[in-house]
Every structure is written in C-alpha cells, then in structure tokens.
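Just the heavy atoms: all of them, side chains too, but no hydrogens, waters or symmetry mates, feed the values below.
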Amino acid sequence: MFNYLIKIEYEGTNFVGWQSQKNGKSIQESIEKALKKVLGSKIKIIGAGRTDKGVHAYSQVANFKLKKKIDNKKIFLDSINFFLKKKFVSILDLKKKNLNFSARFNAKLRTYEYFIINRLGTLSINKNKAWHIKKILDLQLMKKGAKVFEGTHNFGTCRASSCSAKSAIKKVYPIKVTKLKDKIKIRISSKSFLQNQVRSMIGCLKYLSTGKWSYLKFKKAFKSKNRSNCAPPAPAHGLYLLDIKY
C-alpha cells in the first residue's frame, strides 16, 4: 500500500465547496473521478481543509492511498490535469508519504488570504475573485482591529451556527494587512479554523473600518463569544487557501 500527497489549485466559483455533497459538484468529487480514470480504481481523498462554496485555493493539500506504486510523476500529473483542466482545478505536485500521514490531521499551520478591492468602479478582471467594497476603508482601523484577533481566544462570535467543532478556542498568529493602490489583502494563519471563522473575522473588520462599528463595539462583539453579535460574514469569493505547512 502507498500513500500519496497531492497539492491542488482551484477556482471555487462553480463548486459547492471542497467536500462531496449531493446538492452539486465538489472539488473532492471532481478529483476522485479524475483519479479513477487515470489509476483505474475508485479512490477516496482526504483534504487538509474543507473550503466552502466559492472559496478558492492556491495550495490545497490532500492524500490518498493506493495499492500500486505511481512510477512516473510527470505522466501522472499530465494525465490527471487533462481530465481536470475544464473544471479550473489543477494538481500541482505529487509526493509519496508514509502510511500514517493524513493531510487533515498532520497539518501544523493553515494560512488563508482575503482579497478586497476598495473602489467605486465595478469589478471586471476580479469578478468572483475579490470582495468589492465601495465605501472607503480605514486601513489603520482595520490593522488595529486585526490585532484584537491575534493570540489564543474564544472565537464563538466568529463561528457558523452549524459549526461542529467541540471548542471555539483557537490560536491566531499575527495577521498581515497590506494595501497596494485599491487592493487590500489580509493574511490569517492558525493550526485550524472554525467553520466560517475567517470570513466572519473579515466581516467584523469591514464593519469597523467603514465606521459602522466603533472600536469599542468591535471589541465588545468579539469578546461576547456570541454568534448573534457578529457582523455578516464576508463573501466566500474573496477567500483563498494560501498554504498548509506540515
């Protein structure tokens, strides 16, 4: 038996999310179907993160087990990408791992990046790939708010009502907020995240940086640990799974 890791890039607009579901096509299902065509057997893949509908990935990671060895990496990558290219999914790399490796449970750090375009004009090139916010954002307030999220906290305010995690306590590493002209990127890292956590954090930062919330109200909402006090989550299409470290 062999255990393989694959590195994946995808544009999530036309998918219901990473995980296989009955209500539409998923990234997981698309890759499993392509693997079956290339390897000749039914394959189950385990993803490092279950991205939501519309979320994109520069570097998703998954693993799968196979009875036979894959001898030629180049042929494998060329073959599987042939079946995936129309779906805007790409397999970037293949590595052999030990049998105990799990893409989900062995991950030590997950990094997401949220992309905002702050201008009046509508989006053309970045439609469905960034959150278009017309109201001017106060970048310094956004950075100040991001500091509140850093460290180990109860993120009960920033979790989906359907989140199944046993604990809302997560450690968030220093958040990087950068701006180039009208483009704002917010990079957030943690070992793991609650369902909708990142998008909820961004939604709260938007309320703060547009003046809808004062800094005091922003902190009070977060410290309440109550989902009903959260700002509306940022749209999924601005979110990217950037990197996973093992």
Side-chain angles (χ1 to χ4, degrees), residues 17-19 47-57 59-61 102-116 131 133 137-179 184-246:
W18 166 266
Q19 195 171 10
R50 299 175 180 177
T51 55
D52 293 332
K53 179 180 179 181
V55 175
H56 316 294
S59 185
Q60 170 69 286
V61 176
S102 167
R104 181 181 177 189
F105 295 110
N106 289 126
K108 293 180 179 178
L109 191 72
R110 294 168 170 87
T111 299
Y112 283 87
E113 190 168 76
Y114 200 89
F115 184 25
I116 295 169
W131 188 9
I133 300 176
L137 299 174
D138 185 325
L139 196 72
Q140 295 310 309
L141 260 181
M142 183 177 280
K143 289 180 177 181
K144 187 178 179 181
K147 291 285 183 187
V148 174
F149 292 134
E150 295 175 0
T152 302
H153 303 284
N154 185 313
F155 281 86
T157 300
C158 299
R159 71 187 296 182
S161 56
S162 57
C163 181
S164 60
K166 292 180 181 178
S167 172
I169 297 173
K170 297 292 177 184
K171 181 180 180 181
V172 169
Y173 290 89
I175 297 170
K176 188 176 181 182
V177 181
T178 57
K179 183 177 182 181
I184 298 170
K185 291 184 178 181
I186 305 164
R187 188 173 296 186
I188 303 173
S189 299
S190 178
K191 183 178 180 181
S192 62
F193 291 94
L194 301 166
Q195 185 182 356
N196 282 359
Q197 181 183 336
V198 175
R199 289 168 54 205
S200 296
M201 291 165 67
I202 302 299
C204 290
L205 289 174
K206 188 248 187 181
Y207 263 31
L208 172 65
S209 58
T210 55
K212 189 172 180 67
W213 279 357
S214 66
Y215 180 67
L216 186 63
K217 186 172 182 179
F218 170 83
K219 285 184 72 175
K220 189 176 179 181
F222 178 55
K223 298 296 182 183
S224 74
K225 308 167 191 174
N226 189 335
R227 176 68 195 174
S228 63
N229 292 324
C230 188
H237 57 250
L239 185 59
Y240 294 76
L241 176 53
L242 192 66
D243 188 40
I244 299 171
K245 295 194 183 305
Y246 292 93

Are [X] and [Y] close enough that some pair of their side-chain heavy atoms sits under 4.5 Å apart?
X      : Y      : value
Trp18  : Val55  : no
Ile244 : Gln60  : yes
Ile188 : Ile202 : yes
Phe218 : Leu141 : no
Val172 : Gln197 : yes
Leu205 : Tyr114 : no

Practice problem: Please lay out, stage by stage, how Met201 and Ile175 fare under the test side-chain contact (heavy atoms from CB on, under 4.5 Å). | Solution: CA-CA 11 Å; Met201 291 165 67; Ile175 297 170; 4.1 Å; yes
Quiz item: Which residue pairs pass the side-chain hydrogen bond (donor to acceptor under 3.5 Å, both in side chains) test when at least one of the two sits in residues 184-194, sequence neighbours left out?
Solution: Thr111-Ser189, Glu113-Arg187, Lys170-Ser192
Applying side chain to side chain donor-acceptor pair (under 3.5 Å), can you list everything that pairs with [X], at least two apart in sequence or on another chain?
X      : value
Ser228 : Asn226
Ser162 : Gln195
Arg50  : none
Asn154 : none

Shortest non-hydrogen contact from [X] toward [Y]:
X      : Y      : result
Ser167 : Leu194 : O-CD2, 3.5 Å
Ala160 : Asn196 : CB-ND2, 3.6 Å
Gly156 : Ala168 : N-CB, 3.8 Å
Ser200 : Cys230 : CB-SG, 3.7 Å

Quiz item: Checking Arg227 side chain against Arg159 main chain: does a donor-acceptor pair fall under 3.5 Å?
Solution: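 At least one qualifying donor-acceptor pair exists.
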Could you pull out all residues at least two apart from [X] that satisfy side chain to side chain contact (heavy atoms under 4.5 Å, CB included)?
X      : result
Lys147 : Glu150
Ser209 : Leu137, Met142
Lys143 : Leu139, Gln140, Val177
Lys220 : none

Self-check item: Spatial distance of atom CD1 (Ile116) from atom CH2 (Trp131) [nearest 0.5 Å]
Solution: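 Nearest 0.5 Å value for the CD1-CH2 distance: 6.0 Å.
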Quiz item: Distance from Lys217 atom NZ to Asn229 atom CG, nearest 0.5 Å?
Solution: 8.5 Å
Let me have the donor-acceptor pairs involving side chains of residues 231-243, under 3.5 Å, with sequence neighbours excluded, atom names and distances please.
unit_1: His237; atom_1: NE2; unit_2: Ala130; atom_2: O; d: 3.2
unit_1: Tyr240; atom_1: OH; unit_2: Lys129; atom_2: O; d: 2.6
unit_1: Asp243; atom_1: OD2; unit_2: Lys245; atom_2: NZ; d: 3.0

Quiz item: Do the ring planes of Phe155 and His153 sit parallel (below 30°), tilted (30 to 60°) or perpendicular (above 60°)?
Solution: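 The arrangement is perpendicular - the two ring planes meet at more than 60°.
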Quiz prompt | Tyr112: ring-ring contact (aromatic ring centres under 6.0 Å, His included) partners, not counting sequence neighbours | solution =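 Tyr112: ring-ring contact (aromatic ring centres under 6.0 Å, His included) contacts with Phe193.
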Quiz item: Residues two or more places apart in sequence or in another chain: which of them pass ring-ring contact (aromatic ring centres under 6.0 Å, His included) with Tyr246?
Solution: Phe101
